Amino acid sequence: MKYLHLIWAALFRRKLRTVLTLVSIITAFLLFGLLDAVRTSFDQAGQSANGASRLQTGSRLSFIQTLPMALTQRIQAVDGVKMVTYANWFGGAYQDPHNQVFSFAVAPNYLDAYPEMVVTDQAKQAFASTRIGALVGEGLARRFNWKVGDKIPLQSTIFPDRNGSKNWQFEIVGLIHAADKKSGGWYDQMFLLNWKYFDDTTPYNQGSVGWYVTRVADANQADRVAKAIDAISANSDHETRTQTEQAAMASWMKQVADIGLIVSSIMGAVFFTLLLLSGNTMMQAVRERTSEIAVLKTIGFSGHSVLAMVLAESILLLVIGGVIGLGLASVLGPIISAGSGGSLNLPAAGLNSWAMGVGFMVLFGVIVGALPALNAMRLNITDALARRA
C-alpha cells in the first residue's frame, strides 16, 4: 500500500497513547486465545477414544448417580478389556471445610490401573491390610505436614457414617509419588481410602460404585471397547457412558457449569470494553488531526481516500495488538498446561482460533474506525482550516 507510511505515522503520532491502547488489545486477545483453548480442549474431549489406554465409565444420567457393583464382572468379560477397577467420590475436608481434599474410596486393584502413581510395595500391602488405611500424595502431605503413621480426621462433605457423623478417622500408611511431575502433578494431591471401609461405614452407598476405570488391551480399539461396555446397560435404569478420562472430566464440568456460556460471557465483556477503549483512541486521534486531514484534501486526496486511510489505521492498530496477543496465548497455553502438572490441557491456538481471531481484529477495526473515518471523509476543508486559524 503506497500510503502505508502515512498510516503508520498517524498511528504513532501519540506514541504513549498508542502503546497503552496496544497493551489493552494484546491483553484482550491473550485472554481470547487462552479461553478459546479452554473451549477447544472441552470440545476435543468428546472425540474418539481411540488412542486412550484407560477408559472411565459413569452414569449416563449424572455424575452423582452410582452404578451397581454387578457390572464389574460383566465389564471384565468384554473383549479387549485388560482390567477393571472402581472408585467413589468421598469429598473430604481437613480441619476446615475450605481445606478440600481430593479424596476417593478405591478398589484394592486401583493402583494397578495407574502406573503413573508410584507407591512402594510395603505401602501397598499396608493399604490392603489396614481397614482405615490411606495413601496420600506427597504434595498433599507437605501441605498439611502429614507423615506415614499419622492418624488424621477428615470431614466428609457428603457421606456420614452409620451414626450420622461426618467425621472419619484415617491412618496414613504410604505416600503417592507422581512418576512424571509435568503430567502427573494431579496425583501429588490425591487422598485414597479403602472402598470396603467406605462402603461398610456409610449407609448411603450399599455396594454401589461411583465410576469404573478400565484398562484396554489395545488403545486403537478403545472406541469399540467403550461401545461394548455401554451396550451392557443399554435400556436399563443404570445406562452408562464410557469415555476417555479427559472427556469424563469435561462432561463432569459441563454438568456443573455451562463452560461455553461462561467463556462467551467473559469474552463478550472483554471485547465490549476493548471496543470502547480503542474507539475512544481513534476518535481522539482523528479529532487532533482535523487540520492535517483538511490539508490532505486540499492537495488532492479524495474523501474516500481519507476514509480508507483512517479505516486502515484502525484495522492496523487492532491487527498488531491482536496478533501479538494470540501469539502470546499460543506460547503460554502449553507452558501453563505443563506447569499445572497435567490438571490443565490448553492446546496452542490452532488454525480455527487464528482465523476467528483475525476475523475479530478486522471486524473490530472497522467498527471502531467507522465513525471517525466518516467524519474525516465529510470534513469541510474551509471549516477545518478556519478552526485552525
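Heavy-atom basis, side chains included; hydrogens, waters and symmetry copies ignored. Source: prediction; values computed, not measured.
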Could you check Leu192, Thr85, Val118 and say which one makes a side chain to side chain contact (heavy atoms under 4.5 Å, CB included) with Leu111?
Leu192

State yes or no: do Leu34 and Val23 share one hydrophobic cluster built from I, L, V, M, F, W and Y residues joined by side-chain heavy-atom distances below 4.5 Å, directly or via other members?
no

List in chain and number order the residues that pass side chain to side chain donor-acceptor pair (under 3.5 Å) with Thr130, two or more places apart in sequence or in another chain; answer none if no residue qualifies.
none

Is the backbone of Phe127 close enough, under 3.5 Å, to the side chain of Asn194 for a donor and an acceptor to pair up by distance?
yes

Quick one: does any side-chain atom of Thr202 pair with a main-chain N or O of Phe198 as donor and acceptor, under 3.5 Å?
no

Test applied, ring-ring contact (aromatic ring centres under 6.0 Å, His included); reference residue, Phe104; option that passes from Phe90, Phe191, Trp211, Tyr110:
Trp211

Side-chain cluster (under 4.5 Å, hydrophobic types only) that Leu371 belongs to, other residues
Met283

By side-chain contact (heavy atoms from CB on, under 4.5 Å), Leu175 pairs with (sequence neighbours left out) Val136, Ala141, Val148, His177

Exactly one of Phe271, Phe360, Trp354 clears ring-ring contact (aromatic ring centres under 6.0 Å, His included) with Phe29, and that residue is Phe271

Cationic N near anionic O, under 4.0 Å, Glu138 to Arg143:
no

Side chain proximity check, Leu275 to Ile367, heavy atoms < 4.5 angstrom
yes

Roughly how far apart are Tyr94 OH and Ser103 OG, rounded to 0.5 Å?
14.0 Å

Under the 4.5 Å side-chain heavy-atom rule for ILVMFWY, direct or indirect, which residues accompany Leu311?
Leu307, Leu374, Met377

Partners of Asn163 by side chain to side chain donor-acceptor pair (under 3.5 Å), sequence neighbours excluded?
none

Presence of salt bridge, Arg131 and Asp200, under 4.0 angstrom
yes

Short question: side chain of Thr281, backbone of Leu277 - any donor-acceptor pair under 3.5 Å?
yes

Could you tell me whether Gln122 atom CD has more than 12 heavy atoms of other residues or ligands within 6.0 Å of it?
no

Suppose we screen for salt bridge (charged side-chain N to carboxylate O under 4.0 Å, His left out). Which residues come up paired with Lys147, at least two apart in sequence or across chains?
Asp150

Checking Ser165 side chain against Asp161 main chain: does a donor-acceptor pair fall under 3.5 Å?
no

